[in-house]
Structures are given as C-alpha cells and as structure tokens.
Amino acid sequence: IDYSIQPFESLYEVYEEIGSGQFAVVRRCIEKSSRAEYAAKYIRKRRVATSRRGVPLEAIAREVHVLQTLDKHQNIISLHQVFDNGQHVILVLELVRGGELFEHISERERLSEEEASSFMHQILQGVKHMHFNSIAHLDLKPENVLLLSKNRQHIKLIDFGLSRMLTHAEEVRDIMGTAEFVAPEIVNYEPLCLATDMWAIGVITYILLSGASPFLGDTQQETYNNITAVDYTFDTEDFSGTSDLAKDFISQLLLKDARKRLTVEQSLAHPWIAPQSEEQEEKLRDAQTNMDN
Ligand SMILES: Cc1ccnnc1
C-alpha cells in the first residue's frame, strides 16, 4: 500500500473515538467517495530515538507489512489505506462494531464450553493464517479479539503492533506483551517463536471457561514468577463443571517447553475444538467466501 499523498482529512470524515491504546487512538470514519465506514487508527510517531513517546517508524512499518501480508482472512482485520500526517501514521482499517471479546466475557462471567470452543476455533483459524506466513502475533489477549457484531460469534484479530515475521535470520527476544498472557520464554528473554502464541491461546481458553486468569498475581513480578514456574491449577470451583477434554486442551498449551506445546494445526484437530457443527462451519466458509469476492 502506498502512503497516500492527499491528506487523510480531505478524503475522510472523522467521528467518535472507538478504541485507544498506549500510543494509538482509533476513531470511526467515513470515506467521502464511497460513504463506506472504516476505523482510523492514529499511531503517534516517535520523533526522537531516545524518546519513550510514540512508536518508532520501523515498528509502524512492520505492523503495516504484517497487515498487508495477512490481507483478506475472515478472522483478521483488513487494512484499506495508510496516511502520514506528520505527527501520526493513520491506518484505515476495516470497522468492527461488536466490541471486545473481553467485554463479552465480563458481561457473562464465563462462557459455555460450546461458545468458548467456537471462539477459540476462530481465533485459531486467524492464528493459523499468521503462522502459515511465519508471523507471530505476540500480543494475543481477549482485548485484541473483536466481535464482528454484538450477538454474532464471528471474531476478528486486531492490533499487530507487536507481531513479528519470525525468520531464521534474526532472533526476537525483546517483545513484552501484557503480563498475564506472556509465555515463560518472554519473561526469560529467550528466543520467541510461533509457539509463544500457543501459550497465550491456552491462557485465553482458561479465562473464557472460568472467568479467572491462571497466572495473575498481586504484582507483575508475582505473575511472572507464576508463569516461569507454570504454577496454575484447575481445582478452583470455577472449573467444577468443565470437561476433561477442555482441561486437556489447555494443559497441552501451558507447557514451559515451547516445542512440546500443540501447534496451531494440532490445536485445530484437538477433539475439544474440532467437532464444530456443520452449519457453523458452513457459516464460517460463507464468511471467507464473502471476503474473497
Ligand atoms: C477498535 C477497532 C479497531 C479496528 N477496527 N474496528 C474497531
């Protein structure tokens, strides 16, 4: 995608804020020519290398490259256009109005196993597309999973600000996502890999089924200690009604040795994930077909 020359504001009408992060604000916008709605993500540029404010240009370029590489998947947000207005890079993204999976859970406290399995199945489809392209998300968490619309189960992965192309060329060690979801290799600054995402899949599944976070401590250091010790249990009353199959799925992901964790392919074949009802599969295939056309 070329950085459009015309100023963003001359081509789009900008409306209310719909999301915000450490260095980004997302606002609903409408493209004047097509009247189509999008989400404009304003990423603040880091002006001075030693500054802590804003995002370095090469990190922004990475996020754009990842979004372009992953384009057109029913479970990944799509990128429409990119602008640079001097202080910000503006990503014009597909608009997703259903809110965060995170809010959906907190409204419900916890989800049924069918609903949790369906959400995880879709997150795994998006992660499979990423891993097939040697891209690790490295910041998977319920806040980065949006529902296409309130009452539908169709989800989209967003926020590829920390995602990296993991080529064998360069080792990646210095990523730090959100404490609760990071794998032991991130806490220990060891080389990261695609399996780092699979640990986060295990943490998200645990939360969807129980409403509790497996490693969360009273301080960040305590959380990190719990993670590197892989110190978690199912015996809380939250898991009383949960199937052994679901617990088996989680326990094959929350393994300290990244090489022993289920890959995204193995996860999709796991019996707790695999038996998606035929009409559900049909719906998801239709969603992909619509994307391709
Ligand atoms: C918050 C957000 C981001 C991207 N698309 N829609 C909404």
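Residues: numbered from 1 along the sequence shown. Just so you know, ligand 1 is whichever comes first in the structure, and atom 1 is the first atom listed for that ligand.
- Classification of Glu190 and Lys256 as a salt-bridged pair fails, no side-chain N sitting under 4.0 Å from a carboxylate O.
- Residues Tyr38 and Gln81 have side chains that never bring a donor and an acceptor to within less than 3.5 angstrom of each other.
- The distance from ligand 1 to the heavy atoms of Ala39 drops below 4.0 Å at these ligand atoms: 4 (C), 5 (N), 6 (N).
- The shortest contact between atom 5 (N) of ligand 1 and any protein heavy atom is with Glu94 O, 2.8 Å.
- Asp248 and Gln252 form a side-chain donor-acceptor contact under 3.5 Å, judged by distance and modelled atom types alone.
- Atom 2 (C) of ligand 1 has Leu146 CD1, 3.7 Å as its closest protein atom, hydrogens excluded (heavy atom only).
- In this structure, the side chains of Leu157 and Asn144 stay at 4.5 Å or more apart for every pair of heavy atoms.
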Exercise. For ring-ring contact (aromatic ring centres under 6.0 Å, His included), just list the numbers for Phe8 and His88, CA-CA rounded to whole Å, side-chain angles, deciding distance to a tenth of an Å, and then say yes or no.
Key: CA-CA 11 Å; Phe8 169 69; His88 297 90; over 10 Å; no
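- For ligand 1, the atoms sitting less than 4.0 Å from at least one non-hydrogen atom of Ile77 are 4 (C), 5 (N), numbered in the order shown with element in parentheses.
- Taking atom 7 (C) of ligand 1 as the reference point, the nearest protein heavy-atom neighbour is Val96 O, 3.6 Å.
- Contact annotation: for Lys156 versus ligand 1, there are no heavy atoms closer than 4.0 Å.
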